[in-house]
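A short write-up of the structure that comes next.
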Amino acid sequence: MTKIRCKTSKEIGGMGHSMKRKEDARFIQGKGNYVDDVKLPGMLYMDIVRSPYAYAKIKNINSEEALKVPGVVAVVTGRDLEKYNLHWMPTLMSDTQMVLPTDTVMYQAQEVAAVIATSRYAARDGKEAVMVDYEPMKPVIDAHKSLDADAPILRPDKEGKTDNHIWHWEAGDKEATDKVFNEADVVVKQDMYIPRIHVASIETCGCVANYNKVDNHLTMYMTTQAPHAIRTVIALVAGHVGLTEEKIRVISPDIGGGFGGKVPVYPGYVIAIAVSFLTGAPIKWIEDRTENLQADSFARDYHINVEMAGTKDGKIQATRFKVLADHGYTDASANPSKFPTGLFSIGTGSYDYNNAFMEADAVYTNKPPGGVAYRCSFRVTEAVHAIERITDRFAMEVGKDPAQLRMENFIKKEDFPWKSPTGWEYDSGDYHAGLKLAMDTVGYDDLRKEQLEKRAKGEWMGIGISTFTEIVGAGPSKDFDILGIKMFDSAEIRVHPTGKAIARFGTKSQGQGHETTYAQIVAEELGIPAEHIQVEEGDTDTAPYGLGTYASRSTPTAGAAAAMAARKLREKAKKIAAYLLEVSEEDLEWEPGKFFVKGAPEKVKTIQEIVFASYTNHPPGMEAGFEATHYYDPPNLTFPSGAYICVVDIDPETADIKVRRFVAIDDCGHIINPMIVQGQVHGGLTQGIAPAMYEELIYDEDGNILNGTLMDYLVPTAVESPNWETGHTITPSPHHPIGAKGVGESPTVGAPPAIANAIVDAVSHLGIKHLDIPITPFKLFKKLKEVGAIS
Amino acid sequence: MKTNVKITVNGTVYEREIEPRMLLVYFLREELHLTGTHIGCDTSSCGACTVHLDGKALKSCSMLAVQANGMSVTTIEGMANGEMHPLQKGFHEEHGLQCGFCTPGMIMTAADLLASNPNPTEHEIRESLEGNLCRCTGYHNIVKSIQHAAKEMQS
C-alpha cells in the first residue's frame with residue numbers, strides 16, 4: 001500500500017494525519033444543533049395533509065372541522081398560495097413542481113394542504129380533520145407504458161405537451177460505435193433495472209422559517225446541503241413579493257446526514273416560508289419518516305440496456321447504453337443544468353477503447369419527483385453498475401477470468417491524461433496497481449481454487465470484482481452550473497493577531513468532518529496548528545458564496561479554495577518575514593510554520609510572529625491584517641478510482657446470501673485525514689450493500705407505495721453489515737492544488753456491482769447470467785428454482 | 001385534559017402538567033429542552049431516541065411520558081459524570097460518528113449492553129445494535145468504539 005504523505009508535524013496536524021475530529025465533542029454529549037432543536041418564541045408548527053391517491057382530481061378541500069381543533073390557527077391550500085403566485089415553483093432542472101395543488105394530485109403522499117397550529121400535536125390533529133374529496137384517476141406507474149398511445153398526458157399544464165416524454169440525451173459517436181458492433185466477434189447485451197431507492201438519512205428534512213415583518217427579513221433554518229444556492233432560489237421565487245436576496249439569511253445547522261436528499265427544495269420549505277411571510281410568526285416544519293420516504297426525492301430508477309462489443313480473445317472494443325429514466329411527475333433531479341443524466345457518460349469505465357454511444361429518454365409517471373444522488377456523483381452509480389456488470393458478462397462470454405480480462409483492458413498508468421469516448425479527460429489513475437493490491441489482499445487465486453473445490457461438492461461461493469472510475473468535483477465553470485450559477489466553491493481565511501484562525505466555506509458538512517479536514521488543509525499550507533483553526537459553514541450571512549456539499553465536490557472545490565487562499569496568505573507572510581528579517585524574499589525558505597534565511601536557520605520568523613506583525617508592524621505600503629478569500633474554479637473534474645472484491649457464500653437450500661469478505665482499495669489521490677477517509681469508505685460501502693441486497697421503493701400498479709416506512713424499507717443494520725477491509729493506492733490529481741480527488745461516494749458507486757458480480761459468479765455455473773439488484777435471497781431462490789438448481 | 005407527572009431526568013426531578021398522549025421523547029425534547037435525544041422515525045425502527053429508563057435502554061418514542069411517572073430517565077446529556085463516559089471517549093477515539101444524529105442512541109444502547117455484558121464479542125455488539133440505524137459509518141467504527149469503551153471500563 002502506498003505510504004500516506006505527512007509533511008507537517010503531528011502538532012501542526014496538516015495533511016496525512018489521522019487527527020481526531022473537532023466536531024465530535026458536541027455530538028457525543030447531545031449538544032448538536034439540528035434543525036428540530038431550533039425553538040423560537042411564538043413559533044407555530046406545520047403539518048401536511050397528503051394524498052392517498054397517485055393520481056386524482058381534487059374536488060373539494062373542507063377545512064371547517066380542522067379549524068375547530070384547539071390550537072389550529074390556519075389551513076393553507078393551493079388556492080391560497082395561488083393568490084400570491086406561489087402554488088408552483090421551478091425545479092433545479094428548470095421543470096415545474098407544485099408547492100400545493102389547486103386541482104390535481106400527481107403521486108401518493110403529495111402535499112395537499114398545510115395545517116398551522118400552536119403545537120405539533122394540534123397540527124397533527126388538524127391534519128386528520130381536513131376533509132378532501134378526491135376523484136381518483138388511473139395512474140401511469142410503469143415507465144415503459146408512459147409513452148403508450150393510450151397513456152394519459154400527465155402534464156397538460158405544460159404548453160404543447162402531447163405525451164409524457166421529458167427529454168432525450170445522447171453522448172458519443174453513434175455511427176462509429178454501430179460500425180464496431182456490426183463487425184465485432186462478440187457482442188453481449190443485458191437489460192437491467194437500477195431501482196428507485198431513498199437516501200433515508202437518519203434525520204428527516206425540516207425547517208424553521210422566521211419572517212420578521214418589521215425588518216422585512218427572513219431567517220430560514222433548514223436542512224440543506226447548499227445554503228447559498230437556496231438563498232438565491234428563494235430570492236428568485238419570492239422576489240416578486242418583496243423578499244430580495246439581501247433580506248434572506250439561510251442557516252444550515254448541524255445536518256443529520258444528507259446523501260443528496262437535502263439538495264432539492266421541497267414544497268414544505270416553501271409553504272413554511274409563505275406562511276411565516278403572511279403571519280409574521282416563525283413556522284416549524286419537520287417531516288416524519290413516512291413522509292420522508294414517501295414524498296422526498298428518490299434516487300436511481302434507471303432502466304438500462306447495455307451492450308459490449310469485443311474480440312473473442314477478450315479485448316473490449318465498444319459499448320452502447322440505452323436508458324429509460326423514470327422521473328416521477330416532474331424532473332426535480334439535482335444535476336448540473338447542462339447534464340440531464342448527470343455524469344452518466346462516465347459509464348465507459350476504466351477500460352481502453354475508443355467507441356461508445358449512449359442515449360437516454362426521460363418520462364413522467366405518477367410517482368414522487370426527484371432524481372437525487374443517494375451518495376453518488378450525479379448518476380455515476382447507475383453508469384458504473386452497467387459497465388461493471390456487462391464487463392463480467394463479456395468475460396463470461398469469452399471464457400476469461402474477470403480479473404484477468406480487466407487487467408488486459410485497463411487504461412495504462414502512462415496513458416493519462418486519457419480522453420474517454422464520451423469526451424471526459426481522466427486526470428490520473430493506476431488501475432493495475434489497485435486491482436493487484438485488492439487481489440493480493442483478498443487472496444484471489446486461492447479463492448478461485450476454493451470455488452472450484454466447493455462447486456465439485458455442490459457448495460456455492462462467488463467472487464465479484466468492480467474496478468470503477470468515479471468523476472467528481474463539479475465543476476469547471478465552462479460546463480457546470482446550477483440555475484446559471486457556476487459551480488465554483490470558496491474559502492475565506494482570517495488569521496487573528498495571536499495566530500489563531502477562522503476559516504469559512506461555501507460548502508456544508510453533513511457528517512463528512514469538514515471542521516477537521518479543512519483545518520488540516522489550512523494547517524498544511526500555513527503551519528498554523530489545525531486545532532487553532534475554527535471552521536464554519538452553513539450561514540449565508542457569514543460564509544462566502546458556494547454551491548454546497550454533494551457529489552463528492554467539497555475537497556475538489558472548497559478544499560482547493562482553502563489551499564489557494566492559504567497560499568495567498570503565505571505569499572503575504574513571505575513579504576512580512578523579509579521585512580522583519582531585513583532580507584530579500586528570494587533569500588527566504590519555508591518550512592511548515594516558519595520562514596528562515598537560507599543558510600542561516602537561526603534567522604527565523606514563525607507564522608505566529610509574522611501574523612502578529614501584520615497587525616502591529618506591517619511593512620509600509622502593505623495592507624494590514626491577515627486574511628484572504630479564494631473562489632476556486634476547477635480546471636477539470638477529478639477521477640477517483642477503486643478496485644473492490646467481494647466474496648459471498650450462498651446457502652444451497654435457502655439461497656441466503658452471506659458476504660464473507662469485502663476488500664475495498666480506493667484511490668482518492670493525496671489523503672487529508674486517513675481516519676476520516678476510511679470512515680467515509682465504511683459508510684459508503686454500507687450504502688453500496690444496501691441497494692445491492694436490500695433497498696428498493698416498491699409501488700403497485702395503482703401507485704401505492706408498498707414499503708414506505710422504516711419497518712419495510714430495509715436500511716441495513718449492524719447485523720447485515722460486513723466487517724469492511726479497506727486499503728488505498730495514491731495517484732494524485734495533477735491539476736488539484738493538494739493532489740486530492742474526493743472520496744465520499746466512491747464506495748457507494750463501486751460496491752453494488754462487486755456484490756452483484758459475486759452473487760452471479762456463485763451461481764453462473766448453473767446457467768444464471770444476470771440478476772437485478774437488490775438481490776434478495778427470495779429473488780435468488782426464485783431464479784435458482786427457475787433454472788432447476790433448487791427444488 | 002392534562003395530567004401531572006413527576007419524572008427524574010439525569011438526577012433532577014421534574015414535575016410537569018402534560019397531555020396524557022405525549023410521548024416520552026417529546027417530553028424530553030419539548031418540555032425539558034433536552035434535545036440530545038433525537039427522532040429519526042415513526043415506527044420505533046431507528047433507535048435515535050434511545051434513553052435509559054431505570055437503567056435499561058428504551059426507545060423513548062415508543063412510550064408515553066405518563067408511563068414514566070415516578071421513574072428515572074437518563075439521556076445522553078446525563079452520561080458524562082465530571083468526565084466523559086468511556087463510550088463517549090470511545091466514539092471520539094475510534095471515529096464512531098459522522099453526522100452525529102444516531103450517536104446519542106447508539107451510546108445509550110451500548111451502555112446498556114456493557115452494563116449486562118462487560119466484554120461482548122463483535123457478534124454480540126452487532127446483535128445489540130440491531131435496533132439502532134446509522135446511515136454514515138457502516139457500523140464498522142461504532143463496533144470498534146464500543147470495544148474501546150469495554151476495554152477502558154474493564155481496566
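None of the values given here were measured: they were computed from a predicted structure. Residue numbering restarts at 1 for every chain, and letters A, B, ... go by the order of the sequence lines.
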Where does A:Val199 contact chain B at under 4.5 Å (heavy atoms): side chain, backbone, both or neither?
backbone
Max heavy-atom pair count under 4.5 Å with chain B, selected residue of A:Arg375, A:Lys39, A:Glu720, A:Gln512
A:Lys39
If you count heavy-atom pairs under 4.5 Å with chain A, which of B:His33, B:Met106, B:Glu30 comes out on top?
B:Glu30
Among B:Thr37, B:Leu23, B:Ile39, B:Leu34, residue most engaged with chain A (heavy-atom pairs, under 4.5 Å):
B:Leu23
Could you have a look at B:Asp42, B:Thr137, B:Thr75 and say which one has the most heavy-atom pairs with chain A under 4.5 angstrom?
B:Asp42
Interface moiety of B:Arg21 toward chain A, non-hydrogen atoms closer than 4.5 Å
both
Which pair of heavy atoms, one from B:Gly138 and one from A:Ser721, lies closest together, and at what distance?
O-CB, 3.9 Å
Contact class of A:Leu293 relative to chain B, heavy atoms under 4.5 angstrom
neither
Apply salt bridge (Lys or Arg N to Asp or Glu O under 4.0 Å) to residues A:Glu695 and B:Arg135 and explain how you reach the verdict.
CA-CA 13 Å; A:Glu695 293 178 15; B:Arg135 206 54 161 159; 2.7 Å; yes
In terms of heavy-atom pairs under 4.5 Å, which option from B:Cys134, B:Ser45, B:Ala48 contacts chain A the most?
B:Ser45
Side chain to side chain donor-acceptor pair (under 3.5 Å) involving A:Arg289 - partner list, sequence neighbours excluded
A:Asn292
Report which part of A:Glu203 has an atom under 4.5 Å of a heavy atom belonging to chain B: side chain, backbone, both, or neither.
both
Among residues 115-129 of chain B, those lying within the under-4.5 Å heavy-atom range of chain A are B:Glu122, B:Arg126, B:Glu127, B:Leu129
Residues forming a side chain to side chain donor-acceptor pair (under 3.5 Å) with A:Thr204, sequence neighbours excluded:
none
With chain A, which of B:Lys89, B:Met79, B:Glu94, B:Glu77 has the greatest number of heavy-atom pairs at distances under 4.5 Å?
B:Glu77
Provide the closest heavy-atom pair for B:Phe91 versus A:Ile28 in the form atom of the first, atom of the second, distance.
CB-CG2, 4.1 Å
Is it the backbone or the side chain of A:Pro747 that comes under 4.5 Å from a heavy atom of chain B, or both, or neither?
neither
Counting only heavy atoms closer than 4.5 Å, note whether A:Asn33 contacts chain B via side chain, backbone, both or neither.
neither
Given a strict heavy-atom distance threshold of 4.5 Å, which part of A:Arg26 is in contact with chain B: side chain, backbone, both, or neither?
neither
For the candidates B:Cys136, B:Gly78, B:Gly36, which exhibits the highest count of non-hydrogen atom pairs separated by less than 4.5 Å from chain A?
B:Cys136
Rounded to the nearest 0.5 Å, what separation is found between the CD1 atom of A:Ile255 and the SG atom of B:Cys99?
9.5 Å
Tell me, side chain or backbone of B:His38 under 4.5 Å from chain A's heavy atoms, or both, or neither?
side chain
Side chain / backbone / both / neither for A:Asp254 at chain B, heavy atoms under 4.5 Å
neither
Honestly, the part of A:Lys31 sitting under 4.5 Å from a heavy atom of chain B is side chain
If we only count heavy atoms from C-beta on, is the B:His95 to A:Gln678 side-chain gap below 4.5 Å?
no
Out of A:Gly683, A:Gly511, A:Ala718, return the one with the most heavy atom pairs under 4.5 angstrom to chain B.
A:Ala718
Residue pair B:Leu133, A:Leu710: steps toward the side-chain contact (heavy atoms from CB on, under 4.5 Å) verdict
CA-CA 10 Å; B:Leu133 297 177; A:Leu710 276 186; 3.9 Å; yes
Is it the side chain or the backbone of B:Leu97 that comes within 4.5 Å of chain A heavy atoms, both, or neither?
both
B:Asn4 atom CG, neighbour heavy-atom count above 12 within 6.0 Å:
yes
So which part of A:Leu685 gets closer than 4.5 Å to some heavy atom of chain B, the side chain, the backbone, both or neither?
neither
Contacting region of A:Ala200 [heavy-atom separation from chain B under 4.5 Å]
both
Contact part of A:Ser201 toward chain B, heavy-atom cut-off under 4.5 Å: side chain, backbone, both or neither?
backbone
Crowded around B:Met71 CE? As in, over 12 foreign heavy atoms under 6.0 Å?
yes
We want to know whether A:Gln680 and B:Gln98 form a side-chain donor-acceptor pair, criterion being a heavy-atom distance below 3.5 angstrom.
yes
Contact listing (chain A partner; residues 139-155 of chain B; heavy atom under 4.5 Å):
B:Tyr139, B:His140, B:Asn141
Ring centroids only, cut at 6.0 angstrom: are B:Tyr26 and A:Tyr121 within range, meaning strictly under it?
yes
